[in-house]
Amino acid sequence: MSSSSAFNDDKGGSSSVGEPEYGHDPASGGIFSSDYKRHDDLKEMLDSNKDSSKLEAMKRIVAMIARGKNASDLFPAVVKNVACKNIEVKKLVYVYLVRYAEEQQDLALLSISTFQRGLKDPNQLIRASALRVLSSIRVTIIVPIMMLAIKEAASDMSPYVRKTAAHAIPKLYSLDPEQKDQLIEVIEKLLADKTTLVAGSVVMAFEEVCPERIDLIHKNYRKLCNLLIDVEEWGQVVIINMLTRYARTQFLNPNINESLLEEGGGGEKTFYGSEEDEDDEEEEKEKKSEAAALAKRKPYVMDPDHRLLLRNTKPLLQSRNAAVVMAVAQLYFHLAPKAEVGVIAKALVRLLRSHSEVQYVVLQNVATMTIKRRGMFEPYLKSFYIRSTDPTQIKVLKLEVLTNLANETNISTILREFQTYIKSMDKDFVAATIQAIGRCATNIGEVRDTCLNGLVQLLSNRDELVVAESVVVIKKLLQMQPEKHSDIIKHMAKLTDNIQVPMARASILWLIGEYCEHVPKIAPDVLRKMAKSFTNEEDIVKLQIINLAAKLYLTNSKQTKLLTQYVLNLAKYDQNYDIRDRARFIRQLIVPTEKCGALSKYAKKLFLALKPAPVLESPFKDRDHFQLGSLSHLLNAKAGGYQELPDWPEAAPDPSVRNVEVPEWTKCSSREKRKEKKVEKPFYSDSEGESGPTESADSESDSASGSESGSGSEESGSGSESEESEEGSESEEEEEEEEGEEKDQKKKKNKEIKKPVQESESENSSEEEERKNERKRRQRKNDSESESEEEEDESESESSQSESEDSDSEAEVKKKKVKTAQTKPPPKPAKTDNKKGKKEMSLLDLDDFEPAPSPQVTPVNNFLSNSLVTDLEGLSLSDNVLSPATISPSSATKSYELLHRITGEGLSVEYCFSRQPFSPDANMVAVQIEFTNNTTNDTKNLHMEDVKLQSGMRVKEFPEIELLPAGETTTAVMGIDFCDSTQAANFQLCTHSRKFFVSIQPPVGELMRPVFLTENEFKKEQGQLMGMNEITEKLMLDVKCRNEHAIVQRVITAANLSRVPCGSDKECRFSGRTVTSSSLVLVTVASKEEGTAQLMVNCEKMVIGTMLVKDILLALTQ
Amino acid sequence: MLGFFVGEMIHSLFLINLSGDIFLEKHWKSVVGRSVLDYFFEAKEKAVNPEDVAPVLQTPHHYLISIYRGKIFFLAVIQTEVPPLFVIEFLHRVADTFQDYFGECSENVIKDNLVIVYELLEEMLDNGFPLATESNVLKEMIRPPTILRSVVNTLTGGTNVGDMLPTGQLSNIPWRRAGVKYTNNEAYFDVIEEIDAILDKSGTTVFAEIQGVIEACVKLTGMPDLTLSFMNPRLLDDVSFHPCVRFKRWESERVLSFIPPDGNFTLMTYHVSSQNLVAIPIYVKQNISFFETGSCGRLDITIGPKQTMGKTVEGLMVTVPMPKAVLSVNLTASQGNFTYDLATKVLVWDIGKLNPQKLPNLKGSLSVQAGAPKPEENPALNINLKIQQVAISGLKVNRLDMYGEKYKPFKGVKYVTKAGKFQVRT
């Protein structure tokens, strides 16, 4: 093996990524090294315990795969390394596995357990990658394992893992279509997911597994529309295409009343104009249901959901991604009222400046569109002008579009352009131009003569192809009015001497034959010449000569009888049987003999019948029955897997199927806020009911409205509320409309509210916030009026997010509601604070960090919703009347000392766990640090150094504080990933002159963040965390802590958890997840008689559970 | 196997060079044999130029969608219905990524970095569906090669795979990686405008429009939130944005508000309304003619400044694809150099700076193949030029503000005007 090891070294030295083939390496022994030997060598490298040589081997193997070489015999050696610690080796092994697992199923199974382990990893990225590889291994035997993994991942905490689950669905489906039903269940579940990350992937899975199950979309339709803008580009394409199909099945054709002029725009306007129209809309609906027969006559009113789709897709016309633009364009083409389709033209024209492949596809679609909607592209006529540098296929397509766009007004410009094109060196293009001229001439009567003259001039062109093409086109044109053009026919007759292109010759002969009466003198002469050259002609020409002879014989037998006989005799002995047949047939027809009777009488009628002029049609006519932008459209043939674009329904299906049980808050528009305040009680009962069934499809809206109207009746003066509830969807829609109109304002508000929140988490400005807080406090006392207004703003902003919030946010909002309901909540909500402050502050805040790319619908994100949760937790509710569902931790978070004034030589530092999500890294706990400079000198360059951590822990340092003037206080936020342990983070705090060793140790309660669970979810999760994961402790409650409210407060102070709604007032439940691993933490405090209680903690992480029990116990008993 | 196909977007990818060698293949599902490419090769044979190969081809069981970039065909094999633009756009994104990683997108570079390329493809597509296509995200997972790193890697056996797991994919700002740090914080914006024009024989503008793009190079620490506003946003007729730009903000206020990706990216492209008159910076006087007898022709081209906004026209170059019959040229240039490529029949005249006092002129005779008929058509002239420090539309950036971070970044805006598809018909 010495030779191979020598080789090894050699390789190590010269290693480069794209390994040259072995044979090129002089050290390899050139041609003598066989494949088998080479692989031996790789095997040895793979078996070595050095990662570097494993890596080297894997790189070479992957390079082999990339070049399409077979590396399958290395499978056993490679698969062993699947558990390798080195992440790059691992990745390359995955690449290999995915490629060869199908071929070596038995061996592939060896790797499965590694992935199964990976599926349980606390790190979401590792879970995701394990699922990705596992699902890519096409081994039928692991189907059940994949199914299980997908199901689990579909309910994973991390949206990224759920996304991966969505990706895995089609993989499993293609491996085993029998899993379809189960997979549909998973798809259904994931479709309900409210994160942008998942949306695109799950719709892709839907399209591939069960595109026919359009019913699954109903409940998610509005959500998808609203999320759309924040979904990643590729997902947008898939969703838009799917929604196009959906809309075709659910809405009415907006152009149904095309003839009634006012309809389209007018109808909409009234509907969207103002709230009064709500009634109209209702009437409209009634009419619809009662008079199906009259439906066609009835003024069309667009379904608000239809409008929602159009409105939310429109901004995507500005996408940088051509596929997205095209998707929106086809959506508008297929779904929008005629008057609105025009908006897509500009965007499509923009795509024409992209790569030539993009141009190619776009032009095909534009060509189809221009047939139906010419006006749309007319203003962009010049954008379709052709450059000599365009590839031929692009030229031809542009020509097609130009031809479609031609009309009486622009035809002269277009013809002038065409004249330039005819001079092109690209003959295929010239031929296409001539065809185009022909089409313009047939379509636009005014220019027919001009075109014809132009084409006739081309007959003297030097290039035969040009002439030939012209002849063919002229022939078609002449058919339209031959009597006027005998000159041209004569001219063409002369051409037979020169022109050699068979098609052109044939065309000329046909023309002369057809119109021989117009050229009675020339025709026989032409036949004479043709008879002479008959034997040398091409077949199509020969056929036309026979044809010409026959026609002349019938009209002018005196002069041509002999010639015809001669031609027919020649044809009789032709090599081509078609020609022989034709000759025989014609002879029988035209030459009367005794045998043939009846037919010859009709010969004249047969041959000289008037033939309809050919219609020169665009090849793109009627292509729009294929969905535009699709492969099938491009090929003009149905591609496999193509989903037909359905026809509009005659009558719209029930629009209420899309109604979602809308959480109360989305329904109340601002004007209802005040009433809202009074109806808090029923509201909560409602909310509790809601925690249970979210999926009962049909009854849903009913039950919702039921409970709401109940609430209405309880409270006098809330009439509008109950009205609202009857019209669940309408009101929601209505409000969205309003939003649309006031969008900017509200969005701004929305932004204003959200941003500062983000800001405070995202470090830096907490100092300002502090100040704001104070100012706020003062203000609040003074004007409760403006206060309530602000709150309205908030709830509005909330509702604008409505569709995109996930379940925890529902909870928040309820909490928020409560807040709104209060007349004076003692500590001020962080949010309002910020907002207030904002008004007075410099521009700086205005545009602070905002998470979403667009301020439109805020994408659901855990940060944001969490931040709301935590914000709201900042409100302490001393009012006992308040609902039990409110979270009421003390607003003062506990501060810990980091550096004492004495040891810090005048610098004192405190820290607290702000319970804000740490925005740069969700896995970190935010620690807010407050620095006070008690000296008389400025302290400069405050920063962290020398961080000492237990393995796995990470720290995001706070940004350096450049200057802390004497006597001042400032705060900063840092993030620490404690890895779900209470290990301390040690580091040095440095100033410009000194360094201090400090450490931060978290109480176990700070290692988690609240999550909102419904009662059912809570019970379900609890059921899964039994046995070792459950810790129960009996306790005697502190005397001051015997009411529910106090218990809640103390528990929430001790641990960063959120309250779970609960039917019984004896039990308080809390839920959270650990920050790093997202393990669920469930806490139950059940109070019993005489101050005894039982505390139960369920947590996957037993250490955390045990410590948490201790802490809560302490909190409740003291 | 199961004779059952579920549509996946992209089944396989082949990279093919101009001479038809397949130098990389990747399959996301079962392997598709190379024989499917025969249909492509057939089409390629027929095409005169590589650009003429139809981007979408149909074969009995597959569809082939290809793009041509950097003298490479990127060919995707598809089995079922998929929007063709989806695939085309994705393939271009792949090529862009290679460009971004390796500085160019060419066969050699890909061959030299085969493993990185493979890893990139693995991350960019999952089961044929695009997964991570943002350069910032990819760079967190797979580091681009640098000379230094490849030396270090060789010595230490280090890797190109990021050892930290990427966070970008998980955040709401997928285009920006977390924890960006720079000692010098800088943000540069290049406003580049291209004039697309067709001038006819007499010098009249048949068609002209301005196509602009703002290329950004942003190297800023942390999570900066930038706002870029224009003095005259009304000029912009049609725009498209990088996903980071908040569209609503643009709609309501006509400002670009965004959290930028880290590094180089295209912030927006725009189109200046063709209703506005487009200033054409130069005029071209030309006379190209072929004589009926004598197998020769004449060529005389003079270029002069027209509307240059007081700036110098640089990088002036004229490219003339001659008719095939033109055998050789006998020309003299008053300024610059010219070359005539006998194989491709392309005349290139590289002028350089345009001196208004002494206009560049190229004239002389063309010799045409004896006996060949006089070329029907005159060649079109394709013009390249560059004008520094001016955006020909008059677009001006008003200000750039940064929020969310406290340091003072260094900011810069540069304007350039170029000729895009600028053609003079003769």
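Because the structure is a prediction, the values reported are computed rather than measured. Letters A, B, ... are given to chains in the order of the sequence lines, protein chains preceding strands, and every chain is numbered from 1.
- Neither the backbone nor the side chain of B/Asn49 has a heavy atom closer than 4.5 Å to any heavy atom of chain A.
- For chain B, the nearby part of A/Ile386 is the backbone; its heavy atoms alone come within less than 4.5 Å.
- Summarising the geometry of A/Leu92 relative to B/Glu119, their closest heavy-atom pair is CD2-OE2, 3.3 Å, with the distance given to 0.1 Å.
- A/Lys91 and B/Glu123 are joined by a salt bridge, as a carboxylate oxygen and a charged side-chain nitrogen come within less than 4.0 angstrom of each other.
- Heavy atoms of A/Val362 lying under 4.5 Å from chain B belong exclusively to its side chain.
- Atom NZ of B/Lys26 and atom CD1 of A/Ile65 lie 8.5 Å apart (nearest 0.5 Å).
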> B/Val206 and A/Glu417: side chain to side chain contact (heavy atoms under 4.5 Å, CB included), yes or no, with the steps?
Replying inline: CA-CA 9 Å; B/Val206 175; A/Glu417 262 306 288; 3.5 Å; yes

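- In this structure, the separation between CH2 on B/Trp28 and CZ on A/Arg99 is 12.5 Å, given to the nearest 0.5 Å.
- Looking at B/Asn382, only its side chain comes within 4.5 Å of chain A, counting heavy atoms on both sides.
- When all heavy atoms are compared, the tightest approach of A/Ser319 to B/Ser240 is O-CB, 3.6 Å.
- The structure places CG of A/Leu631 at 7.5 Å from CD of B/Gln58, a figure rounded to the nearest 0.5 Å.
- Taken from CD in A/Glu232 to OG1 in B/Thr133, the straight-line distance is 7.0 Å, to the nearest 0.5 Å.
- Between B/Trp250 and A/Gln318 there is no side-chain heavy-atom pair separated by less than 4.5 Å.
- Both the backbone and the side chain of B/Leu24 come within contact range of chain A, with heavy atoms under 4.5 Å apart.
- Residues B/Tyr63 and A/Ala639 approach most closely at OH-CA, 3.2 Å, considering heavy atoms.
- Of the two parts of A/Ser388, the backbone and the side chain both hold a non-hydrogen atom closer than 4.5 Å to a non-hydrogen atom of chain B.
- Listed for the A/Arg387 side chain is a donor-acceptor partner under 3.5 Å among the backbone atoms of B/Lys421.
- B/Tyr68 touches chain A through backbone and side chain together, each having a heavy atom under 4.5 Å away.
- Note: A/Gly68 leads A/Ser129, A/Gly68, A/Ser356, A/Ala347 in heavy-atom pairs under 4.5 Å with chain B.
- The main-chain N or O of A/Ser630 is never found under 3.5 Å from a side-chain atom of B/Glu81 such that the two would form a donor-acceptor pair.
- Contact annotation for B/Ala197: only backbone heavy atoms (N, CA, C, O) come within less than 4.5 Å of a heavy atom of chain A.
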>> If you apply the rule side chain to side chain contact (heavy atoms under 4.5 Å, CB included), what do you find for B/Arg93 with A/Trp234, and how did you get there?
In response: CA-CA 12 Å; B/Arg93 201 64 68 82; A/Trp234 312 107; 4.1 Å; yes

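- To the nearest 0.5 Å, atom NZ of residue A/Lys163 and atom CG of residue B/Asp126 are 9.0 Å apart.
- Within the 4.5 angstrom heavy-atom criterion, only backbone atoms of B/Pro321 (N, CA, C, O) approach chain A.
- Counting heavy-atom pairs closer than 4.5 Å to chain B, the top-ranked of the candidates A/Thr389, A/Val98, A/Ile394 is A/Thr389.
- Considering only heavy-atom pairs separated by less than 4.5 Å from chain A, the leading option among B/Lys201, B/His92, B/His242, B/Gln211 is B/His92.
- Proximity to chain A involves both the backbone and the side chain of B/Phe241, based on heavy atoms less than 4.5 angstrom apart.
- Note on A/Glu103, A/Met425, A/Lys423, A/Gln364: by heavy-atom pairs under 4.5 Å with chain B, the leading option is A/Met425.
- When heavy atoms are compared at a cutoff of 4.5 Å, A/Tyr642 approaches chain B by way of both its backbone and its side chain.
- Across A/Asn923, A/Asn365, A/Leu634, A/Leu635, the residue that shares the most heavy-atom pairs under 4.5 angstrom with chain B is A/Leu635.
- Between B/Asn127 and A/Pro170 the shortest side-chain heavy-atom distance falls below 4.5 Å.
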> Yes or no on side chain to side chain contact (heavy atoms under 4.5 Å, CB included) for B/Phe23 and A/Arg67, after CA distance, side-chain angles and deciding distance?
Replying inline: CA-CA 6 Å; B/Phe23 61 94; A/Arg67 285 199 218 92; over 6 Å; no

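- Ion pairing between B/Glu209 and A/Arg353 holds under the 4.0 Å rule for side-chain N and carboxylate O.
- Here the shortest heavy-atom pairing between A/Pro315 and B/Lys248 reads CG-NZ, 4.4 Å.
- Rounded to the nearest 0.5 Å, atoms CD (A/Glu233) and CZ (B/Phe90) are 11.5 Å apart.
- Of the two parts of A/Asn241, only the side chain, counted from C-beta on, holds a non-hydrogen atom closer than 4.5 Å to a non-hydrogen atom of chain B.
- Using modelled atom types and a 3.5 Å distance limit, the side chains of A/His355 and B/Glu89 yield no donor-acceptor pair.
- Using a 4.5 Å heavy-atom cutoff, the side chains of B/Leu131 and A/His167 are in contact.
- The contact between B/Glu134 and chain A is made entirely by side chain atoms (from C-beta outward), counting heavy-atom distances below 4.5 Å.
- With respect to B/Pro83, the side-chain contact (heavy atoms from CB on, under 4.5 Å) criterion is satisfied by exactly one of A/Val324, A/Val237, A/Val361: A/Val237.
- Options A/Val238, A/Asn321, A/Thr164 differ in how many heavy-atom pairs under 4.5 Å they form with chain B, and the most are formed by A/Asn321.
- Residue B/Glu122 touches chain A through both its backbone and its side chain, counting heavy-atom pairs closer than 4.5 Å.
- Between the side chain of A/Gln393 and the backbone N or O of B/Glu51 there is at least one donor-acceptor pair closer than 3.5 Å.
- Among A/Gly641, A/Ser201, A/Ala322, the residue making the largest number of heavy-atom pairs under 4.5 Å with chain B is A/Ala322.
- Looking at B/Phe207 and A/Ser383, their side chains come closer than 4.5 Å, going by heavy atoms from C-beta outward.
- Classification of A/Lys346 and B/Asp238 as a salt-bridged pair fails, no side-chain N sitting under 4.0 Å from a carboxylate O.
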>> Go through it in stages, so that I can follow the logic: the residues are B/Phe129 and A/Lys171, the test is side chain to side chain contact (heavy atoms under 4.5 Å, CB included), and I'd like the CA-CA distance, side-chain angles, deciding distance and then a yes or no.
In response: CA-CA 11 Å; B/Phe129 191 80; A/Lys171 299 187 207 175; over 6 Å; no

